[in-house]
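Remember, it's a predicted structure, so these values are computed and weren't measured experimentally. Labels below follow one simple rule: chain letters A, B, ... track the order of the sequence lines, proteins then strands, and each chain is numbered from 1.
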Amino acid sequence: MSTNLALAKRPRQKDHPLWFLIPALVVLVVFFFVPTLFNFVYAFTDWSSFKSAINFAGIDNFTSLFTNGTLLNSLKVTLVYAVLVAVFQNAFGLGLALLLERDTRINRAVRVAFFVPVIMSALAVGYIFQALLKPDGALNAILGWVSGAEVSIPWLGDTTWTIVVVAIVHSWKWMGLSMLIYLAGLKTISDDVLEAGRLDGAGRWTMFRSIRFPLLAPAVTFNVATALLGSMNGFDIVQATTEGGPGGTTELLNIFIFRTFGQGLFAQATTMSLVLFLAVTILAFPVIRYLRKREDVL
Amino acid sequence: MKKPFRHVLALAAAGALTLSACSDPGADSGSDGPVDWPAQDADLSGTTLTIWAAQNSNTVPESVIAGFEDLTGAEVEVVTIPDPYEQGVQTKVATGDMPDLAFWQPTASQLTALNARQNLQSLDGAPWLDSYKPELRDITGLLDDTRYATLITTPAVEGVYYNKEVFAANGITETPTDWDSFVALARDLKTDGVTPFHEMAADRWGTQWWVQVQLADAAADGLWDRVNTGEEQFTDPTILGAIETYQGLIDEGLFNEDIKTATFEDQGAALLAGDAAMVVQVNSFFGQLQSLADTDELNQKIGFFPISPSGNTGTFIPDQSNALVAFKTGDADQESAARQLLSYWMGEGYGDFVNAQSTVSLQSGVETPADVPEALLSVSDSLADSVGSMQASAIANPDLYIYLADMIQGTKTPAEVAEATQSQFAELAKAQGAEGF
């Protein structure tokens with residue numbers, strides 16, 4: 001702590017002049033603040049591809065969106081998807097981190113292998129899984145070969161379970177990142193604490209439940225928050241695998257926005273993206289506050 | 001040190017405000033109406049024309065471009081806009097980016113979507129109009145009596161593609177002459193153990209043809225005009241009834257068992273193999289068949305007949321690869337050169353074009369090449385007395401096909417399909433400023 005205090009007292013501008021911020025700030029303003037501002041402005045207009053004039057339309061877009069059930073359905077689908085992704089991605093990531101915790105040569109190679117999907121294009125991942133999960137795709141062929149009977153499960157064609165399948169694909173793509181963060185978290189746990197636990201006779205499970213998992217709290221905060229809030233903005237994987245089908249059961253808000261935008265209803269699409277922005281914001285604060293509170297044990 | 005930072009923020013905020021004060025960048029460009037139609041061979045050295053095309057139409061203009069470049073010295077570039085093409089083009093045009101020419105669906109709804117009055121050159125009085133076969137001249141491309149698009153190939157027709165061998169094996173010698181005999185034929189085939197119809201609900205877009213062919217009589221009677229003014233709705237008995245009939249045929253088991261998961265590719269393969277006897281589809285389906293079999297095999301196996309409630313009226317639906325539009329780019333020379341390219345395409349270049357594409361000719365003076373498959377000739381024959389589809393005649397094109405696919409998956413009832421379509425249609429009509437919405 002003492003070193004931190006010393007740093008804070010040192011005059012800051014000596015090594016970090018504030019104008020160093022300008023390049024990053026310009027990028028942030030142009031590509032983030034301005035679009036967000038536009039998002040607020042255009043949501044209250046009648047901007048469309050059908051005419052050139054853009055007129056103020058009041059809260060017209062909001063009333064018509066909320067009276068039409070599709071938006072609420074898409075919001076619901078988006079929330080379910082986000083929760084599923086948060087659960088799966090963290091379960092997979094934590095499992096992998098625990099499995100590959102020891103720094104052996106094999107573990108290092110395997111960690112790299114599991115990290116590869118993270119840097120792959122999400123659309124490519126989506127199309128690969130779409131091919132694998134087709135009724136006559138590779139997964140069913142493998143299942144058929146193992147079971148000896150012909151299998152033709154429509155993995156992407158079930159109105160109840162497809163959203164789970166797609167959430168697993170999303171989690172598969174990002175689990176390498178969660179794994180990396182959990183690994184880093186595990187590394188920061190002091191050997192003294194673990195040794196003390198062992199001397200007190202704690203078994204592997206007790207060690208994990210009572211010592212290691214609570215001490216992973218910061219990693220959990222980061223992983224859950226990014227998985228949950230990131231997947232609320234999900235689009236690419238779902239678009240590539242199901243396009244929102246079957247029967248609209250995987251139609252995330254972003255897919256609905258894409259469809260509306262494609263119809264030329266630019267203002268309505270903007271309004272929806274404002275709704276999404278607000279939904280993510282409303283969800284983000286309590287979730288992050290709760291997760292940060294868990295870190296108080298540290 | 002706090003002050004400069006505040007200045008930066010203030011500057012950024014000011015910048016943002018200035019930007020947000022801009023109006024639609026797609027607004028207002030170019031002059032009004034074409035004044036002259038340059039000769040097809042006028043010299044264009046140093047002029048570069050750009051044509052936007054989709055992934056499935058970007059090779060269509062090859063022969064025309066080669067001929068035109070030789071004749072005039074102009075350079076013509078084809079730029080491929082990735083799929084979904086229509087959305088990509090609409091977005092680009094809305095942000096002020098436009099080519100000289102583009103492939104575009106010549107229907108009222110799609111011309112409206114491109115804000116034709118503002119963005120497109122009028123093609124009224126074009127020199128090639130009189131060379132069209134008379135019945136095709138005014139079939140499409142018009143919005144409020146102004147011509148904005150010109151047809152280059154035969155528009156697609158919604159109708160029934162059938163497997164001739166399956167028909168023959170089941171003793172069917174005549175194709176159905178109206179809807180009732182069509183459905184009766186399907187029931188007979190089912191009794192004989194043949195799957196009568198094939199549908200591809202996983203790819204969704206083909207689902208709407210079944211509803212639209214049932215509306216052919218109503219369309220001839222002005223259905224879409226009434227829908228366009230809000231006088232009649234998708235939820236009224238005519239359209240809702242067609243949706244219910246479709247659902248009824250599916251429930252009756254007249255379709256393939258894997259209807260929920262079948263794709264466009266599956267559909268082509270199934271009809272060709274005789275796993276299903278009939279498919280209600282459009283021309284692009286025949287394109288799919290052509291990728292699976294050669295012309296001789298197709299002539300032997302595949303036939304086409306249009307269907308409507310009371311007879312054999314086809315329902316036409318031009319798509320993006322059938323027509324071209326010319327943009328008002330604001331540069332009079334470019335606009336004139338674009339018109340000149342169209343004159344050449346539909347003039348001296350048309351014979352080569354039709355041969356290079358092996359497609360049916362739209363002009364009385366140009367022969368259709370001999371290697372065009374029979375089914376496509378039947379399609380083009382049905383065009384003359386066909387009626388407009390929803391895409392061709394309605395002012396907006398709602399996602400009816402998605403809602404119908406939802407119905408097949410079991411998440412919407414026919415009434416909900418009609419409701420969702422109507423509310424989206426009203427939303428689009430309102431955005432266009434249509435009266436009655």
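- Listed here is the closest heavy atom pair of B:D406 and A:G248: OD1-N, 3.4 Å.
- The shortest side-chain heavy-atom distance between B:N115 and A:F50 does not fall under the 4.5 Å cut-off.
- Within the model, atoms CD of A:E251 and OG1 of B:T411 stand 10.0 Å from one another, a figure rounded to the nearest 0.5 Å.
- Considering all non-hydrogen atoms of both residues, B:A431 and A:S48 come closest at O-OG, 3.8 Å.
- If you measure heavy-atom distances from B:T112 to chain A, the contacts under 4.5 Å come from both the backbone and the side chain.
- Counting heavy atoms of neighbouring residues, nucleotides and ligands inside a 6.0 Å radius, atom CG of A:L72 exceeds 12 of them.
- The contact list for residues 255-278 of chain A toward chain B, using heavy atoms and a distance under 4.5 Å, reads A:F258, A:R259, A:F261, A:G262, A:Q263, A:G264, A:L265, A:F266, A:Q268 by residue number.
- Neither the backbone nor the side chain of B:E86 comes within contact range of chain A; no heavy atom of the residue lies under 4.5 Å from a heavy atom of that chain.
- In this structure, the portion of B:R204 lying under 4.5 Å from any heavy atom of chain A is its side chain and not its backbone.
- The greatest number of non-hydrogen atom pairs below 4.5 Å with chain B, out of A:P246, A:G157, A:S152, A:G244, is found for A:P246.
- B:K430 has its side chain within reach of A:D60: a pair of non-hydrogen atoms, C-beta onward, lies under 4.5 Å apart.
- Taken to the nearest 0.5 Å, the CG atom of B:D266 stands 6.5 Å off from the CG atom of A:D136.
- Applying the 6.0 Å contact sphere to CG of A:N55 captures more than 12 heavy atoms from other residues, nucleotides or ligands.
- Atoms CD and CG, on B:E427 and A:N61 in that order, are 7.5 Å from each other to the nearest 0.5 Å.
- For chain A, the option among B:D399, B:I408, B:T261 with the highest count of heavy-atom pairs below 4.5 Å is B:D399.
- Atom CD of B:Q424 is separated from atom OG1 of A:T70 by 8.0 Å, given to the nearest 0.5 angstrom.
- The closest donor-acceptor contact from the side chain of A:S49 to the backbone of B:A113 lies under 3.5 Å.
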